[in-house]
Amino acid sequence: MPTLEVATAQAMADLGQRLGSILGPGDLVCLIGELGAGKTTLTQGIAAGLGIERPVTSPTFVTIKPYARPGGDLYHVDLYRVNDPLYLDEQGVLQELDRGALAIVEWAERADGLEDYDPLTILIEVAALGRVVQISGSLTWQERLEWLR
């Protein structure tokens, strides 16, 4: 899977929008990166690609924000303040994936059991001139993201 250099916040949002356009029911996107890396900006772009017009903001304090959309709601989750690795299961987010929802989980490395949902994992690292974005996933994801190469 590719490693991309993303120079600006707008370029991160554009990448997210392209990713959002290929997501489907049951998809799980795991975002990993330090504070300020651009996880929420990428999520805002993904939401735009999914056709969500409502403003998307960080769910750091509420931890989970649902966004209604035709074809399956989007759950935007932030685990920064969560110390329970089973939180997503306990809050019903994983069950919503089984029902066709989509989920984007920031600080996904704090959760257990996500590998069972064939996640697309995106690591965002702060670089001297922007961000370095490493995208990884199963063979199925590689085929779906062929346009990134």
Exercise for the section: Assess whether atom CD of Glu90 is packed by more than 12 heavy atoms of other residues, nucleotides or ligands within 6.0 Å. Expected result: yes
Completion exercise
Nearest heavy-atom approach of Ala37 to Ile124 is O-CG2, 3.3 Å
Fill in the blank from the handout: Here the gap from Arg99 atom CZ to Asp73 atom CG, rounded to the nearest 0.5 Å, amounts to 11.0 Å
Handout entry: ILVMFWY network linking Leu86 to Tyr80, side-chain heavy atoms under 4.5 angstrom
Key = no
Practice task
Examine Val93 and Val29 and state if one hydrophobic cluster contains both, with Ile, Leu, Val, Met, Phe, Trp and Tyr joined whenever side-chain heavy atoms are less than 4.5 Å apart.
Solution key: no
Fill in the blank from the handout: d(Glu106 CD, Leu31 CG) to nearest 0.5 Å is 6.0 Å
Exercise for the section: Report whether Trp141 and Ile122 are members of the same hydrophobic cluster (ILVMFWY, side-chain heavy atoms less than 4.5 Å apart, transitive linking). Expected result: yes
Practice task
Step through the shown structure and confirm whether more than 12 heavy atoms of other residues, nucleotides or ligands are within 6.0 Å of CG on Leu139.
Solution key: yes
Handout entry: Side-chain heavy-atom pair Trp147, Leu145 within 4.5 angstrom cut-off
Key = yes
Exercise for the section: Could you grab the distance from atom CD1 of Ile46 to atom CD1 of Ile52, nearest 0.5 Å is fine? Expected result: 10.0 Å
Handout entry: Shared hydrophobic cluster, Ile64 / Leu97 (ILVMFWY, side-chain heavy atoms < 4.5 Å)
Key = yes
Handout entry: Crowding at CD, Glu5 (>12 non-hydrogen neighbours, <6.0 Å)
Key = no
Completion exercise
Correct closest heavy-atom pair for Ala108 and Leu79 would be CA-CD1, 4.5 Å
Problem - Ile22 side, atom CD1; Leu120 side, atom CG - distance, nearest 0.5 Å - result: 7.0 Å
Problem - Pair Gln95-Asp89, side chain to side chain contact (heavy atoms under 4.5 Å, CB included): steps then yes or no - result: CA-CA 7 Å; Gln95 293 81 0; Asp89 189 39; 2.7 Å; yes
Handout entry: Student check: side-chain heavy atoms of His76 and Val105 closer than 4.5 Å
Key = no
Handout entry: Residues Thr63 and Tyr87: side-chain donor-acceptor under 3.5 angstrom
Key = yes
Problem - Sub-4.5 Å side-chain heavy-atom contact between Trp107 and Arg81 - result: no
Handout entry: For the student: nearest non-hydrogen atoms of Arg69 and Leu102, plus distance
Key = NH1-CD1, 3.1 Å
Fill in the blank from the handout: Heavy atoms of Leu74 and Ala47 approach each other most closely as CD2-CB, 4.2 Å
Problem - Beyond-backbone contact of Arg131 with Val126, side-chain heavy atoms, under 4.5 angstrom - result: yes
Exercise for the section: Kindly determine whether Tyr75 and Gln91 satisfy side chain to side chain contact (heavy atoms under 4.5 Å, CB included), including the steps that lead there. Expected result: CA-CA 11 Å; Tyr75 288 85; Gln91 296 300 311; over 6 Å; no
Handout entry: Separation of Leu23 CG from Arg144 CZ (nearest 0.5 Å)
Key = 6.5 Å
Exercise for the section: Could you state whether Val132 and Leu19 fall into the same hydrophobic cluster, counting links through intermediate Ile, Leu, Val, Met, Phe, Trp or Tyr residues with side-chain heavy atoms under 4.5 angstrom apart? Expected result: no
Handout entry: For the student: nearest non-hydrogen atoms of Lys39 and Ile32, plus distance
Key = CD-C, 4.1 Å
Exercise for the section: Indicate yes or no for a side-chain donor-acceptor contact from Gln44 to the backbone of Val56 under 3.5 Å, with no hydrogens or angles considered. Expected result: yes
Handout entry: Side-chain heavy atoms of Leu114 within contact of Leu94, under 4.5 Å
Key = yes
Fill in the blank from the handout: All heavy atoms of Pro25 vs all of Gly71, minimum pair found to be CG-O, 3.8 Å
Handout entry: CG/Asn83: more than 12 non-hydrogen atoms of other groups inside 6.0 Å
Key = no
Fill in the blank from the handout: So CG of Leu35 and OG1 of Thr60: to nearest 0.5 Å the spacing works out to 8.0 Å
Problem - Residue pair Arg110 / Val82, side-chain heavy-atom distance below 4.5 Å - result: no
Problem - Close side-chain approach of Leu42 and Val133, heavy atoms under 4.5 Å - result: no
